[in-house]
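Worksheet: one structure, shown below.
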Amino acid sequence: MKTYFMKAIAVMFIAIAFSNSAAAQFVVKIRPAAHVIRVRPAAPSPRHVWVNGDYVLRGNQYVWTDGYWIQPRPHMRWVDGHWKNSRRGWVWVPGRWR
């Protein structure tokens with residue numbers, strides 16, 4: 001019964017979070033451990049840049065995804081994602097082109 005109640009609360013929280021805004025953020029009370037360290041594969045070409053791994057929201061938890069090589073957008077650079085502390089808890093700010 002307790003697990004059913006907790007799942008129901010989690011589903012309600014997610015529904016409320018996504019109903020407010022498409023850019024709603026999922027807040028966690030304890031941020032996950034440091035980034036996962038992986039060995040970079042060789043670059044496909046000298047023009048490619050490495051994009052570090054990122055946390056992705058799947059269901060009701062953040063899951064680490066590995067980094068990858070990509071050709072940069074013209075006149076832009078990649079800014080890594082990071083954890084941001086708010087009054088309600090920790091929020092993942094995804095990586096982006098700037």
Side-chain angles (χ1 to χ4, degrees):
M1 182 70 172
K2 185 177 180 182
T3 56
Y4 175 78
F5 180 73
M6 294 304 287
K7 286 180 183 179
I9 288 176
V11 168
M12 287 189 312
F13 178 79
I14 292 170
I16 291 169
F18 287 109
S19 66
N20 289 337
S21 168
Q25 296 174 326
F26 190 76
V27 178
V28 294
K29 296 297 178 187
I30 301 172
R31 83 178 204 177
H35 296 312
V36 177
I37 307 286
R38 303 264 194 230
V39 176
R40 279 186 201 177
S45 79
R47 296 183 313 262
H48 283 74
V49 295
W50 179 255
V51 172
N52 283 326
D54 220 359
Y55 282 100
V56 177
L57 188 59
R58 290 198 184 132
N60 62 351
Q61 66 181 359
Y62 285 107
V63 178
W64 179 257
T65 59
D66 286 334
Y68 54 93
W69 290 102
I70 190 169
Q71 287 189 359
R73 296 179 181 183
H75 310 291
M76 301 193 83
R77 69 178 185 92
W78 180 256
V79 178
D80 286 334
H82 62 277
W83 286 103
K84 180 180 176 184
N85 194 2
S86 70
R87 287 182 286 142
R88 294 177 19 224
W90 291 93
V91 175
W92 178 253
V93 178
R96 64 196 177 282
W97 290 101
R98 182 177 350 172

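Everything numeric here is computed off the predicted structure, so don't read it as measured data. The residues of the chain are indexed from 1 along the displayed sequence. Every heavy atom of this structure was used, including side-chain atoms; hydrogens, water molecules and symmetry mates were not.
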Nearest 0.5 Å, what's the CH2-NZ distance between Trp92 and Lys84?
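These two atoms lie 13.5 Å from each other.
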Nearest 0.5 angstrom please: Asp54 CG to Arg96 CZ, how far?
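Reported to 0.5 Å precision, the distance equals 10.5 Å.
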Only counting residues at least two apart or in another chain, list the ones meeting side-chain hydrogen bond (donor to acceptor under 3.5 Å, both in side chains) with Ser45.
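For Ser45 the side-chain hydrogen bond (donor to acceptor under 3.5 Å, both in side chains) partners, ignoring immediate neighbours, are His48.
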Please say yes or no: joined through hydrophobic side-chain contacts below 4.5 Å, possibly via intermediate residues, are Trp64 and Leu57 part of one cluster?
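Trp64 clusters together with Leu57.
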Could you give the side-chain donor-acceptor pairs of residues 67-78 under 3.5 Å, partners two or more places apart or in another chain?
from	atom 1	to	atom 2	distance (Å)
Trp69	NE1	Pro41	O	2.9
Trp78	NE1	Asp80	OD1	3.2

Using the ring pair (Phe, Tyr, Trp, His ring centres under 6.0 Å) rule, take Tyr62 and Trp83 through it: C-alpha gap first, then chi angles, then the decisive distance, then the call.
CA-CA 11 Å; Tyr62 285 107; Trp83 286 103; 5.1 Å; yes
Less than 4.5 Å apart, any side-chain heavy atom of Arg40 and any of Asn52?
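The answer is yes; the side chains approach within 4.5 Å.
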Under the 4.5 Å side-chain heavy-atom rule for ILVMFWY, direct or indirect, which residues accompany Val56?
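Grouped by the 4.5 Å side-chain rule, Val56 forms a cluster of one, so the answer is none.
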